[in-house]
Peer 1: 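Sending over a structure as structure tokens; questions will come in a sec.
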Amino acid sequence: MMKGKVFLIGFNEEEANAVKEALKGLSVFEIPEYCRDWIVGDVVEKAETLSGSCYWHLRKFVIMHGVDNETLKEVIKTVRSLDLGRIIFATTTETSLTWKLEDLLDELMAEDEYFQALRWAREQGARKKGPFLDLEKG
């Protein structure tokens, strides 16, 4: 049995409903824009009382709280299978629970851009093998 909470940001109504349907058995909540200045721990604590659409951010986030490793993998696999575009997946940490939601989202976007750039650089390196570009040789 899957347990934990899943929070959505940046999904339109149709997409949010599709995620909720696909993740039956988990508590899935939309985080409305009025929570952007809240501490993440307060968002988690007050999840059941939140109301409103999560469709206020340009990027899509799925933030998981209190999920085990198997549930984490299942959520990512299931949501990706819905083909809803690029989504940033994250879990809460002891530290992130003390941050403002907007600060967490900014950090997640920065990390996502970093890893996208790293992936792009690796792909470029794989295409342009040469004595000066092969950084993997010792």
Side-chain angles (χ1 to χ4, degrees):
M1 172 78 181
M2 296 191 288
K3 66 179 185 126
K5 294 179 180 178
V6 177
F7 296 94
L8 307 178
I9 297 172
F11 294 85
N12 66 34
E13 185 179 355
E14 185 179 309
E15 293 168 334
N17 288 336
V19 172
K20 290 175 186 175
E21 181 68 27
L23 295 178
K24 276 189 176 162
L26 271 175
S27 300
V28 180
F29 303 95
E30 294 185 54
I31 300 180
E33 186 173 13
Y34 66 80
C35 296
R36 72 187 318 152
D37 290 326
W38 289 20
I39 301 298
V40 174
D42 292 341
V43 174
V44 169
E45 194 177 297
K46 298 173 181 167
E48 285 81 6
T49 65
L50 301 178
S51 63
S53 169
C54 69
Y55 194 42
W56 55 272
H57 204 284
L58 293 173
R59 301 291 297 272
K60 293 177 184 167
F61 301 87
V62 173
I63 301 172
M64 294 163 271
H65 174 78
V67 299
D68 60 33
N69 214 27
E70 287 307 307
T71 303
L72 172 83
K73 291 178 196 172
E74 191 59 35
V75 167
I76 292 171
K77 183 177 132 196
T78 301
V79 173
R80 279 191 176 149
S81 75
L82 299 174
D83 202 22
L84 300 174
R86 191 142 156 233
I87 300 168
I88 297 174
F89 294 91
T91 60
T92 57
T93 65
E94 222 176 286
T95 301
S96 71
L97 289 170
T98 67
W99 292 7
K100 279 191 349 185
L101 177 62
E102 189 143 40
D103 293 339
L104 174 61
L105 300 181
D106 288 345
E107 177 68 20
L108 294 174
M109 287 188 301
E111 287 176 9
D112 183 62
E113 287 170 20
Y114 170 80
F115 287 112
Q116 282 296 112
L118 203 59
R119 217 171 291 133
W120 180 85
R122 282 196 184 124
E123 288 170 6
Q124 297 307 305
R127 285 188 210 135
K128 298 178 183 172
K129 285 282 185 190
F132 301 109
L133 295 175
D134 192 355
L135 302 176
E136 308 226 345
K137 281 189 177 173

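Note: hydrogens, waters and symmetry copies are ignored here, and every other heavy atom, side chains too, is used.
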Peer 1: List in chain and number order the residues that pass salt bridge (Lys or Arg N to Asp or Glu O under 4.0 Å) with Glu48, two or more places apart in sequence or in another chain; answer none if no residue qualifies.
Peer 2: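 Salt bridge (Lys or Arg N to Asp or Glu O under 4.0 Å) list for Glu48, sorted by chain: Lys5.
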Peer 1: Which residues satisfy the ring pair (Phe, Tyr, Trp, His ring centres under 6.0 Å) test with Phe7, sequence neighbours excluded?
Peer 2: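 Counting only residues at least two positions away or on another chain, Phe7 forms a ring pair (Phe, Tyr, Trp, His ring centres under 6.0 Å) with Phe29.
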Peer 1: Taking all non-hydrogen atoms of both residues, which atom of Cys54 and which atom of Leu8 are closest, and how far apart?
Peer 2: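 Minimum heavy-atom contact is CB-O, 3.1 Å.
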Peer 1: Verify, without hydrogens or angle tests, whether Asp112 (side chain) and Leu108 (backbone) share a donor-acceptor contact under 3.5 angstrom.
Peer 2: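 Pair absent, no side-chain N/O of Asp112 close to backbone of Leu108.
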Peer 1: Hey, could you give me the CG/OG1 distance between Asp68 and Thr91, rounded to the nearest 0.5 Å?
Peer 2: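 If I round to the nearest 0.5 Å, the distance is 12.0 Å.
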Peer 1: Report yes or no: does Trp56 contribute a side-chain atom to a donor-acceptor pair with the main-chain N or O of Ile31 at less than 3.5 Å?
Peer 2: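 Side chain of Trp56 to backbone of Ile31, a donor-acceptor pair under 3.5 Å: yes, one is there.
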Peer 1: For a quick test of reading the model, state the closest non-hydrogen atom pair linking Glu15 to Leu84 and the distance between them.
Peer 2: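 Heavy atoms of Glu15 and Leu84 come nearest at CG-CD2, 3.8 Å.
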Peer 1: Taking side chain to side chain contact (heavy atoms under 4.5 Å, CB included) as the test, write out the residues that go with Glu45, two or more places apart.
Peer 2: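 Result, side chain to side chain contact (heavy atoms under 4.5 Å, CB included) vs Glu45: none returned.
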Peer 1: Whether the side chain of Thr49 engages the backbone of Lys46 through a donor-acceptor N/O pair (distance < 3.5 Å, no angle test) should be reported.
Peer 2: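 At least one qualifying donor-acceptor pair exists.
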Peer 1: I'd like to check the ring pair (Phe, Tyr, Trp, His ring centres under 6.0 Å) partners of Tyr55; sequence neighbours left out, ordered by chain and number.
Peer 2: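 Ring pair (Phe, Tyr, Trp, His ring centres under 6.0 Å) list for Tyr55, sorted by chain: empty.
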Peer 1: Can you list the steps and then say if Met64 with Thr92 is a side chain to side chain contact (heavy atoms under 4.5 Å, CB included)?
Peer 2: CA-CA 6 Å; Met64 294 163 271; Thr92 57; over 6 Å; no
Peer 1: Return yes when atom CD of Glu13 has more than 12 non-hydrogen atoms of other residues, nucleotides or ligands closer than 6.0 Å, and no otherwise.
Peer 2: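 Atom CD in Glu13 is not packed in, count stays at 12 or less.
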Peer 1: Quick one: side chains of residues 93-102, donor-acceptor pairs under 3.5 Å with protein atoms, not counting sequence neighbours, listed by atom name and distance.
Peer 2:
from   : atom 1 : to    : atom 2 : distance (Å)
Thr93  : OG1    : Thr95 : N      : 3.4
Thr93  : OG1    : Ser96 : N      : 2.9
Thr93  : OG1    : Ser96 : OG     : 3.2
Ser96  : OG     : Thr93 : N      : 2.7
Ser96  : OG     : Thr93 : O      : 3.3
Thr98  : OG1    : Thr95 : O      : 2.6
Glu102 : OE1    : Arg36 : NE     : 3.2
Glu102 : OE2    : Arg36 : NE     : 3.2
Glu102 : OE2    : Arg36 : NH2    : 2.7

Peer 1: What I'd like to find out is whether the side chain of Val79 reaches to under 4.5 Å of the side chain of Leu23, using heavy atoms alone.
Peer 2: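 Result yes, sub-4.5 Å side-chain heavy-atom pair found.
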Peer 1: Would you say Glu113's side chain and Ala110's backbone share a donor-acceptor pair under 3.5 angstrom?
Peer 2: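 Not at all, since once roles are kept as given, no pair shorter than 3.5 Å links the two residues.
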Peer 1: Which Ile, Leu, Val, Met, Phe, Trp or Tyr residues join Leu118 in one cluster when any pair of side-chain heavy atoms under 4.5 Å counts as a link?
Peer 2: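 Other cluster members: Tyr114, Phe115.
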Peer 1: Once you round to the nearest 0.5 Å, how far does CD1 of Ile87 lie from CD1 of Ile9?
Peer 2: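 If we round to the nearest 0.5 Å, Ile87:CD1 and Ile9:CD1 are 12.5 Å apart.
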